[in-house]
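Excluded from the calculations below are hydrogen atoms, water molecules and symmetry mates; all remaining heavy atoms, backbone and side chain alike, are included. This one's a predicted model, so the numbers in the text were calculated from it and none came from an experiment.
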Amino acid sequence: MQDSLGNTLSLIDGASLGAVNDFVEGFIASEARAVHVLRAAEDDSPIVQAYCAALHLFAESRDALPNALPFLRRAQQGAARATPREQRFIAAIGAWAEGDIGRAVALHQEQASEYPRDLASLKLGQYHAFNTGDCPGMLRLALAALPAAADVPYLHGMAAFGYEQCHLMREAEQSARRAIGMCRKEPWAHHALAHVMLTEGRLSEGLDFMQGVSDSWTGLNSFMLTHNWWHVALFLIDLGRDAEALAVYDQHAWGVEKGYSQDQIGAVSLLARLELAGIEVGEARWRELADWLAVRTHDQVLPFLDLQYLYGLARADRPQADELRRNIEAFAPNAPPSVRAAWERVCVPAARGLLAHARGDWSGAIDGLGTALPRLVEIGGSHAQRDLFEQLYLDALVRSGEPSRLASAQGLLQRQLNTQPESRRLARQTNAVYAALGLPTT
C-alpha cells in the first residue's frame with residue numbers, strides 16, 4: 001500500500017489507510033482532519049502509532065509527552081517490520097520526545113533527501129527548525145523535496161515560508177503565488193504572503209488579499225484559522241482601523257480551541273498589540289484569557305510559549321505569573337542541551353522583562369528585554385510574532401520618559417516607519433516621541 005503522496009506503507013490493517021491519509025494530507029494542508037489518525041489507534045502498524053504519538057506531542061503541554069509515549073513505544077517495538085522511511089520517521093519522533101531537537105531535524109533532513117515525497121516528515125522538520133530559530137534549515141528542507149514533489153501545492157507554501165523567514169522576499173512571494181495558483185485554498189501560502197506584505201509595508205494590499213481569501217479558510221485546524229485572522233488584525237491595527245481589529249479578536253482570533261497553546265499565545269499577542277496601539281481592550285478580556293493560561297505554569301515545552309503565557313498572566317495580575325517565572329528559571333539550567341542556551345540566555349531575562357512591563361516597571365522591562373532581544377531568534381517564532389517583544393521594549397523606552405531612552409525610541413520608531421509608511425500606528429507613536437523630544441512632528 002501507499003499513502004496519497006506515493007510513500008510505501010507497511011500497514012497491518014488496510015482499513016487504516018484512510019486515517020493515515022487524513023493525517024498526511026491534513027497535516028500538510030493545515031486541516032483539522034489530521035486528528036482522524038486517532039481513529040486507527042488500535043492498529044499496531046508502527047507508522048500509525050508514530051503518527052498518533054506526533055499528534056499528541058503537538059499539544060505542546062506538560063501532558064503531551066505522557067500521552068504520546070504509549071504510542072511511541074508501540075511504534076518503536078514494531079519498527080523492525082516497518083519500511084526504512086517509516087523507521088526514520090519513528091526515530092525522529094523518538095528524538096523529539098527525548099528533547100533532542102537537533103537530532104530530530106537531522107533525521108527529517110535525511111528523509112527529505114531520500115524520500116522527498118514524505119511531506120509530513122518535512123513539515124514536522126520545519127516545525128522544529130522554526131521553533132529553534134533555524135530559518136535556513138526550514139528552507140533547506142523544502143528545497144530538498146521540490147524536484148520530486150513540485151506537483152504538491154503545499155510544498156510550495158512550505159518553501160514560501162522558509163524563503164520569507166530567510167528574508168528572501170521575492171522568492172517567498174513567487175512560491176506562495178505558485179502554491180495559490182495550484183490550490184486557492186492553501187492557507188500556509190496565504191500566511192507566507194501575508195508575512196511578505198507586512199514586512200514590505202504593503203498594508204492595504206495585504207489586508208485586501210487576506211480578506212479576499214478568508215472564505216477558503218474552512219476545515220482548518222484552530223491554529224491555522226486563528227493565526228491567519230491574527231494576520232488580518234495586524235494589518236487593521238497598523239492601518240488605524242481599531243474597532244475592526246478588536247472585532248477580529250472577538251470573532252475570529254480567540255475562541256476556537258481555547259485550551260490549545262497556539263490559540264492562547266495568539267490571543268495574548270493580539271491583545272497586547274491592540275493595547276500597545278492605544279486601543280482599549282478592557283480588563284475583562286485579559287481576565288478571561290488568563291483563566292485559560294493559569295494551568296500553564298509547569299509546561300516548559302517551548303520558551304516562546306512560556307513567555308507569552310507569562311505576559312498574559314502578569315497583565316491580568318495573576319499570581320501564577322510569578323510561579324511561571326520561577327519555574328522557567330528553575331527549568332532553564334536543566335533544559336535539554338540542544339535548547340538550553342535559548343532557555344537560559346533568552347527566556348530567563350525576557351521573562352523578567354515581560355513581568356516588569358506588565359507591572360509598570362519600565363527600567364526592569366528595558367533591562368530584561370534589552371538583554372534578550374539580540375538573541376531572540378533562538379526561541380523560535382516568526383519575525384512578526386517576535387515583534388511583540390520589540391514593541392514592548394520600545395513601549396518601555398517611551399514610557400520611562402528619560403531623554404536618553406526617548407532618543408533610542410526615536411531611532412527605532414523612525415526606522416520602522418521608513419519601511420512602513422502606511423502605518424498610522426507607527427506614525428502616531430513616532431509623533432508622540434518627537435513631541436516629547438521637542439522635535440517637529442509631521
Side-chain angles (χ1 to χ4, degrees), residues 1-28 33-129 131-132 141 221 261 299-302 334-339:
M1 280 180 283
Q2 294 180 332
D3 67 20
S4 57
L5 294 174
N7 298 296
T8 301
L9 296 167
S10 58
L11 294 183
I12 296 172
D13 185 352
S16 300
L17 181 59
V20 166
N21 281 332
D22 274 346
F23 176 82
V24 171
E25 296 168 9
F27 184 34
I28 65 174
R33 62 189 171 117
V35 302
H36 293 172
V37 72
L38 295 177
R39 298 175 181 174
E42 297 305 312
D43 182 347
D44 278 336
S45 302
I47 193 61
V48 172
Q49 296 299 310
Y51 286 162
C52 290
L55 197 63
H56 279 291
L57 288 173
F58 272 115
E60 298 177 331
S61 70
R62 62 183 172 183
D63 299 323
L65 181 59
N67 290 337
L69 281 177
F71 297 97
L72 176 59
R73 297 295 179 245
R74 287 195 287 272
Q76 291 170 330
Q77 289 164 6
R81 62 176 183 267
T83 69
R85 178 190 67 86
E86 293 170 334
Q87 290 173 351
R88 185 179 284 113
F89 188 89
I90 294 166
I93 301 302
W96 181 12
E98 293 169 3
D100 191 349
I101 303 304
R103 174 65 177 154
V105 172
L107 288 165
H108 289 298
Q109 184 67 56
E110 290 176 10
Q111 196 87 311
S113 298
E114 294 187 34
Y115 299 96
R117 294 189 67 84
D118 189 350
L119 298 185
S121 172
L122 191 153
K123 180 88 168 176
L124 183 51
Q126 282 199 325
Y127 166 83
H128 292 314
N131 285 333
T132 53
L141 280 158
N221 59 50
S261 57
D299 275 17
Q300 287 74 69
V301 176
L302 293 169
N334 304 301
S338 63
V339 295

Where is the tightest heavy-atom contact between Ser16 and Ala40, given as atom of each residue plus distance? OG-CB, 3.7 Å
For Phe89 against Ala50, the heavy-atom pair lying closest together: CD2-CB, 4.0 Å
Side-chain donor-acceptor pair present, Ser61, Asp63, cut-off under 3.5 Å: no
If every non-hydrogen atom of Ser338 is compared with every non-hydrogen atom of Ile101, which pair is closest and at what distance? OG-N, 3.6 Å
In plain terms, say whether Glu110 and Arg88 are close enough for a salt bridge, that is, a side-chain N and a carboxylate O under 4.0 Å apart. yes
Decide side-chain contact (heavy atoms from CB on, under 4.5 Å) for Phe27 and Leu124; before the verdict, give the C-alpha distance in whole Å, the side-chain angles of both, and the deciding distance to 0.1 Å. CA-CA 9 Å; Phe27 184 34; Leu124 183 51; 4.1 Å; yes
Derivation and outcome, side-chain hydrogen bond (donor to acceptor under 3.5 Å, both in side chains), residues Gln76 and Arg73: CA-CA 5 Å; Gln76 291 170 330; Arg73 297 295 179 245; 3.0 Å; yes
When rounded to the nearest 0.5 angstrom, what is the spacing between CG in Leu141 and OG in Ser121? 8.0 Å
Using side-chain contact (heavy atoms from CB on, under 4.5 Å) as the criterion, point out the one residue from Glu86, Gln87, Arg81 that pairs with Ser10. Glu86
So, for Arg103 and Ala95, which heavy atoms are closest and what is the spacing to 0.1 Å? CG-CB, 3.8 Å
To the nearest 0.5 Å, how far apart are CH2 in Trp96 and CG in Asn131? 9.0 Å
What distance do Asn221 atom CG and Arg33 atom CZ have between them, rounded to the nearest 0.5 Å? 11.5 Å
side-chain contact (heavy atoms from CB on, under 4.5 Å) for Gln2 and Leu9? Distances and angles first, verdict last. CA-CA 5 Å; Gln2 294 180 332; Leu9 296 167; 5.8 Å; no
Audit row: Arg85, Thr8, side-chain contact (heavy atoms from CB on, under 4.5 Å) steps and yes/no: CA-CA 8 Å; Arg85 178 190 67 86; Thr8 301; 5.8 Å; no
Is it the case that the side chains of Asn67 and His56 hold a donor-acceptor pair, with the cut-off being a distance below 3.5 Å and no angle test? no
Looking at Tyr127 versus Phe58, is the centre-to-centre ring distance below 6.0 Å? yes
Quick one: sort the Tyr51 and Phe23 rings into parallel, tilted or perpendicular, breaks at 30° and 60°. parallel
Test your reading of the model: is there a side-chain donor-acceptor pair from Asp13 to the backbone of Ala15, 3.5 Å cut-off? yes
How far does CZ of Arg117 sit from CG of Asp3, to the nearest 0.5 angstrom? 9.0 Å
To the nearest 0.5 Å, atom CG of Asp43 lies from atom CD1 of Ile12 at 5.5 Å
Any side-chain heavy atom of Leu5 sitting closer than 4.5 Å to one from Val24? yes
Considering non-hydrogen atoms only, spot the tightest contact between Ile93 and Leu57 and give its length. CG2-CD1, 4.1 Å
How far apart are the C-alpha atoms of Leu55 and Leu38, what are their side-chain angles, what is the distance that settles it, and do they pass the side-chain contact (heavy atoms from CB on, under 4.5 Å) test? CA-CA 8 Å; Leu55 197 63; Leu38 295 177; 3.6 Å; yes
Minimum heavy-atom separation for Ala59 to Ser261, with atom names? O-OG, 3.8 Å
Mind checking whether Pro84 and Tyr115 have side chains closer than 4.5 Å, heavy atoms only? yes
Going from NE2 on His128 to CG on Leu302, what distance comes out if it is rounded to the nearest 0.5 angstrom? 9.5 Å
